Each structure stands twice: as structure tokens, then as C-alpha cells.
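For reference, the structure is listed below as C-alpha cells.
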Amino acid sequence: MLKIYNTLAREKQVFTPIVAGKVGLYVCGMTVYDFCHLGHARVMVVFDTVSRWLRTSGYEVTYVRNITDIDDKIIKRANENGETITQLTQRFIDAMDEDSAKLGVIRPTIEPKATEFVDGMISMISALIDKGFAYVADNGDVFYSVNNFAGYGKLSGKSLEDLRAGERVEVDTHKKDPMDFVLWKSVKPNEPSWDSPFGGPNGGKGRPGWHIECSAMSSQLLGKHFDIHGGGQDLQFPHHENEIAQSEAAHSEAVRVEATHSHDGQPCQMVNYWMHNGFVRVDDEKMSKSLGNFFTIRTVLEQYDAEVVRFFILRAHYRSPLNYSDQHLDDAKAALNRLYTALRGLSVEAVAIDWQQSQAASFKVAMDDDFNTPEALAVLFDLANEVNKTKSLASAALLKALAGLIGLLQRDPDEYLQGQANANISADEALNVDQLIIQRNEAKLSKNFAEADRIRKLLADAGIILEDSSLGTTWRRA
RNA sequence: GGCGCGAUAGCAAAGCGGUUAUGCCGCGGCCUGCAAAGCCGUUUAGUCCGGUUCGACUCCGGAUCGCGCCUCCA
């Protein structure tokens with residue numbers, strides 16, 4: 001029985017889908033104006049793992065992860081680079097696909113781009129205006145009137161009073177209330193725009209605000225009411241709060257609710273379960289673009305194997321903070337090496353998992369408990385120990401099969417152990433290693449241990465570790 | 001200032017009201033020509049102060065410290 005920590009309820013809840021056997025999952029994806037950093041990697045890996053586990057649990061999952069390809073930063077960056085917006089966004093979408101593939105992330109079912117859903121956004125904004133939840137300001141911007149939505153703050157736990165008390169929002173004279181947020185930005189010089197019926201000084205021309213994108217795309221692709229919505233913790237407020245306000249107001253029966261806190265429409269819940277993953281940190285501070293303390297995925301992959309990075313992410317619970325450092329990555333690498341080492345030299349075949357088997361059952365209990373990957377990984381180490389002791393092919397097959405469910409341990413162990421990190425060994429180099437191993441074994445046979453140790457040292461200095469066993473000598477990268 | 005989250009051994013990180021988490025590192029042993037890998041054993045815990053309880057790392061209250069959101073942000 002799968003339990004999910006629901007931010008909306010602030011507790012773990014048994015997961016019950018809206019339609020039996022099916023799950024609609026929406027995750028806020030990237031704004032594509034730069035390379036993805038490790039924070040983005042965490043979102044991708046975490047929700048990849050969530051969707052994998054839901055599928056393993058027998059659900060037919062429709063996983064939507066959007067791409068924000070129109071926004072202030074994108075426009076600014078494209079202008080700086082002297083390229084078109086499409087050139088810029090396509091470049092970074094390609095880079096993102098490349099990075100996520102390396103991390104073992106399965107492509108979401110649908111990856112909608114905001115620019116392809118502007119019509120839906122416009123009709124949603126129109127509905128909000130018609131129902132009295134939004135208004136056109138004198139400059140042509142369209143704002144959402146937060147006072148008119150009684151449930152505002154239910155996700156983030158903030159009340160309008162609290163928000164006003166700590167108000168740091170710049171006063172926009174076009175807004176009726178400082179908390180109101182923009183749905184449609186009236187066109188400005190040198191900016192792309194779409195036609196709309198909202199009127200104003202620019203005849204309605206403009207572009208959508210960020211929040212409306214997700215409301216429009218999620219409702220069009222998954223329906224007005226769907227199962228799970230995920231994203232980083234920083235999106236909880238205001239982004240997700242605003243999505244709820246938009247979607248539930250637009251889809252409710254309430255019409256023309258004035259500035260009261262009671263709208264009497266039919267309840268029209270947008271999402272049943274809200275999931276938020278924790279941040280990646282550097283020196284105990286959030287990794288972010290604005291702080292400038294971020295590491296891009298591709299930078300990290302120059303130094304570490306992508307599977308090590310995935311393992312590093314899964315080693316912590318998805319809601320916990322995750323500190324990034326070389327030491328932690330090295331630690332993750334050593335741990336993953338242990339798992340691969342256990343599988344080395346065994347011909348492991350793909351098997352169907354027997355969920356009655358005790359370790360498989362423990363793995364399932366862990367994953368069913370709000371995707372507790374650290375505990376699930378502990379089960380894998382238990383199996384690795386068993387494989388090391390008994391060389392049981394059944395245990396090895398189970399280890400590989402369970403790990404595969406969370407996107408780990410699917411490569412050939414030797415290939416992983418010998419080719420990891422930046423040093424993709426060349427054929428020449430491999431041949432050289434093999435020759436040196438033969439020379440060393442000859443030296444060993446003639447009891448010339450000084451020569452044998454010299455060769456081992458030579459290779460060790462080149463980052464290659466030799467391991468003798470009854471089956472012969474093998475090597476791996478340090 | 002408002003709201004929220006966290007504090008576990010040298011490092012990382014989980015569960016659990018009483019029974020070995022797990023990985024890395026350290027130490028002892030086995031194995032090995034010696035190593036490495038592996039196996040066996042083992043040292044380091046639960047920020048502080050109260051309370052509940054036969055019993056608390058686990059529940060409750062308080063303090064301290066750290067982090068996040070309140071502005072674009074995964």
C-alpha cells in the first residue's frame with residue numbers, strides 16, 4: 001500500500017488514484033535558458049523514480065513534465081546572445097535531454113512547451129476574468145485577484161494577512177492588491193507576443209505569465225482534477241499556490257465572486273497529492289542560479305559517472321536536503337562500487353521479481369513508504385552481502401532486478417568499474433593493461449614479487465587497481 | 001517580522017517506544033607471496049533542558065543552533 005507525503009495535508013497519506021489503475025502526474029520542469037544544475041538533476045531523478053515505482057506498482061502513468069520556453073530570462077538571454085528565442089531554448093532543451101538521459105531518467109510521457117499552449121492559457125484567463133477572479137489593469141496586464149479566491153494559501157500554509165505582514169513585493173501601482181499576480185503581460189518593445197481578447201492600450205497583445213502556464217497545460221493534458229503534482233520545494237509558494245488559485249477558480253462553478261472570502265461554487269479540487277522535493281545545497285546553502293553557487297550536471301559528469309550522481313541523489317530521502325561536495329560524491333561512488341563489485345563475474349539473467357521473497361518485500365515496503373530510497377538501497381546492500389558470501393545467482397538476479405526498478409545497476413559490472421568517470425579507457429590502453437597483467441602474472445609465477453609489485457604500482461599510479469582472485473586477475477578504476 | 005522544516009556516531013543517511021539500519025572511514029582477524037576485493041568481528045550516536053512511560057533517539061513542551069519560503073528560482 002503506497003503512502004505519499006502530501007504537502008497539502010502535511011502528512012503521509014495512502015495513495016488512492018482518481019481512476020483505478022491510472023495515475024496522472026504533473027511536474028514543473030525547467031525554464032530553458034541555461035544548462036541544468038544539480039538541483040534540476042534532483043527533480044528529474046526524484047520524479048523519474050516516483051513514476052518508475054508507480055508503474056512497478058501496476059499503474060498506467062501519464063507523466064507530464066513541462067518546459068517553460070517563454071519568460072523574462074529567456075528573452076533577456078536571447079537578446080544578449082543575439083540569437084532567436086527558439087534557437088536558445090532548443091539548444092538548452094537538447095542539452096537537458098542529453099543530461100537527463102545520462103542520469104538514467106526515462107522521458108516523461110508528455111513534455112509540453114508553454115509556447116504551444118498559449119491558446120489554452122488565454123481561454124483560461126478569459127474564464128477567470130468572466131468569473132470575477134481576474135481583471136485587466138490600465139496598462140493591459142491581466143492580474144489574478146487573490147482576495148476573491150477563498151482557498152488562497154492552503155498549500156503553502158500562508159494567509160493573506162501573513163503575506164502582507166512580511167510584504168516584500170514591489171508595489172505595482174497597476175495592481176488592486178500587492179498580492180495579486182500577473183496572468184498576462186502586456187507586450188513590450190522587442191518582445192514576442194500573442195494576440196488576446198483582453199484589450200488595453202496594446203490591443204490585448206502580450207504573453208502569458210509563468211503561473212498560468214502550468215495550470216493550462218496540466219488541465220489540458222491531465223484534466224481539471226488529477227492525482228499528483230510535483231516540483232521543487234521552492235515552487236510551493238507562490239507558483240503552486242497560484243496554480244491552485246487559477247485552476248480551481250477557473251474550473252469551479254462560482255461566477256463573479258466579489259472581494260469576499262466566500263465563494264460558493266462547487267468544490268473543484270485541482271490536485272489530490274502535492275509532492276515537493278528538497279533542495280540540493282552547497283555548504284548548507286541552497287544551490288541556485290541567483291546565489292551563483294550551482295554546479296551544472298555536465299560539469300559534475302566530467303568528474304563523476306552519471307550513475308554515481310543518480311545514486312548520490314537516491315541515497316537521501318527526496319524530501320531531505322542534500323549537500324553536494326566532492327567528498328559526498330566520492331562516498332557515493334565507493335558505495336555504488338560495492339554493489340557493482342558484488343555482481344562482477346556472475347552471469348546474471350533478468351528475472352521476474354517474487355515479491356514474497358523477504359528482501360523484495362522489504363524493498364517494496366521501503367518504496368511504498370513515501371519512496372524511501374535510502375531504506376530500499378539498504379536492502380540492496382543486504383543482497384550484495386549475500387551474493388558476496390554465497391555467489392548465489394538468484395540473489396544476484398534479484399539485486400539487479402530490484403536496483404533496475406530505480407534505475408541502477410543495469411550496466412555490465414566490468415564496463416562500469418573499468419570505464420567510469422571521465423576516463424573512458426581507450427582500446428589501446430585496455431590492451432596495455434591486459435599485457436601488464438600477463439607480465440605481472442608471469443613474474444608472480446617465477447616468484448619475482450619485486451617485479452610483480454612494480455607493475456602493480458605502475459598501474460596504481462595510473463589509477464588502475466588490480467585484484468587477484470582464484471579466477472584470475474581483474475582490474476578497475478580507482 | 002510572518003510561516004514552515006530540520007538537529008542521529010569521524011563523514012553520509014534511514015527506520016523504530018524496548019530487539020544489528022545501511023554505506024564510507026577506523027580498528028582486530030580470516031583470505032592473499034604482499035595487496036586489493038571479499039568475509040567475520042568491532043570502536044564512535046541521537047544538540048540541550050524538562051515531561052509522559054516500567055522503558056524514549058523515537059511521543060509532548062521549552063531552549064539553542066541551522067536551513068527554507070515570504071521576490072525569479074527545481
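In this text, all values refer to a predicted model and were calculated from it rather than measured experimentally.
Between Phe181(A) and Tyr144(A), the ring planes are parallel. Angles under 30° get that label, and only those over 60° would be called perpendicular.
With C72(B), C39(B), A36(B) as the candidates, the nucleotide lying closest to the side chain of Arg476(A) is A36(B). Checking A13(B), C3(B), A74(B) against every side-chain atom of Asp162(A), the shortest atom distance belongs to C3(B). Of the listed nucleotides (G23(B), A36(B), C70(B)), A36(B) has the atom at the smallest distance from the side chain of Glu467(A). Comparing C34(B), A12(B), G15(B) by their nearest atom to the side chain of Arg440(A) picks out C34(B). Taking the side chain of Glu285(A) as heavy atoms from C-beta on, and the options G68(B), A14(B), C11(B), the nearest nucleotide is G68(B).
The shortest distance between the side-chain N/O atoms of Ser156(A) and the OP1/OP2 oxygens of G4(B) is not below 4.0 Å. Listed pair Lys444(A) / U32(B) fails the phosphate criterion, with no side-chain N or O lying under 4.0 Å from OP1 or OP2. When the side-chain nitrogen and oxygen atoms of Lys389(A) are compared with OP1 and OP2 of C40(B), one or more of them lie within a distance under 4.0 Å. For C39(B), one of the phosphate oxygens OP1 or OP2 lies less than 4.0 angstrom from a side-chain nitrogen or oxygen of Asn388(A). The phosphate of A35(B) has neither OP1 nor OP2 within less than 4.0 Å of any side-chain N or O from Arg456(A). Residue Arg344(A) places none of its side-chain N or O atoms closer than 4.0 Å to OP1 or OP2 of G38(B). Note on Arg319(A): every side-chain N or O is 4.0 Å or more away from OP1 and OP2 of A14(B). Residue Asn385(A) places at least one side-chain N or O closer than 4.0 Å to OP1 or OP2 of C40(B).
As a whole-Å value, the separation of Leu322(A) CG from G23(B) C1' is 15 Å. In this entry the distance linking CZ of Arg281(A) with P of A13(B) reads 9 Å, nearest Å. Rounded to a whole Å, the CD atom of Glu375(A) is 10 Å from the C1' atom of C16(B). For the pair His276(A) NE2 and G68(B) C1', the computed distance is 13 Å after rounding to whole Å. At whole-Å resolution of the value, OH in Tyr5(A) and P in C5(B) are 7 Å apart. Look at CD on Gln236(A): it is 15 Å from P on C72(B), rounded to the nearest Å. Rounding to whole angstrom units, CD of residue Glu241(A) and P of U71(B) are separated by 13 Å. Distance CZ (Arg477(A)) to P (A36(B)): 20 Å, rounded to an integer number of Å.
With salt bridges taken as basic N to acidic carboxylate O contacts below 4.0 Å, one links Asp72(A) and Lys185(A).
For the P atoms, the distance linking C57(B) with C39(B) amounts to 31 Å, nearest Å. Here the separation of A37(B) from C30(B), taken at their C1' atoms, is 14 Å to the nearest Å. Taking the C1' atom of each, G62(B) and U52(B) are spaced 15 Å apart, rounded to whole Å. If you take atom C1' in C11(B) and the same atom in A45(B), they sit 13 Å apart, rounded to whole Å.
Looking only at distances, a side-chain donor or acceptor of Asp227(A) sits under 3.5 Å from a matching main-chain atom of Gly24(A). Remark: side-chain polar atoms of Asp141(A) are paired, donor with acceptor, to backbone N or O of Ser186(A) under 3.5 angstrom.
Nucleotide A36(B) forms no Watson-Crick or G-U wobble pair with any nucleotide shown, as no partner meets the under 3.5 Å limit on both distances. If you check G1(B) for Watson-Crick or wobble pairing at under 3.5 angstrom, you find it paired to C70(B). When both distances must be under 3.5 Å, the Watson-Crick or G-U wobble mate of C59(B) is G51(B).
Listed here is the closest heavy atom pair of Leu221(A) and Pro112(A): CD1-CG, 3.6 Å.
A donor-acceptor contact under 3.5 angstrom links the side-chain atoms of Asp331(A) to the base of G23(B). Residue Lys158(A) places a side-chain atom within donor-acceptor reach of the base of C69(B), judged by atom type and a 3.5 Å distance cut-off alone. Checked by distance alone, Lys73(A) brings a side-chain donor or acceptor within 3.5 Å of a matching partner on the base of C72(B). Asn372(A) contributes no side-chain N or O that forms a donor-acceptor pair with the base of G15(B) under 3.5 Å.
Judged by a 6.0 Å distance limit and a 45° cone about the ring axis, Lys158(A) is positioned over the six-membered ring of Phe237(A). A cation-pi geometry, defined here as NZ or CZ lying under 6.0 Å from the six-membered ring centre and within 45° of its normal, holds between Arg319(A) and Tyr5(A).
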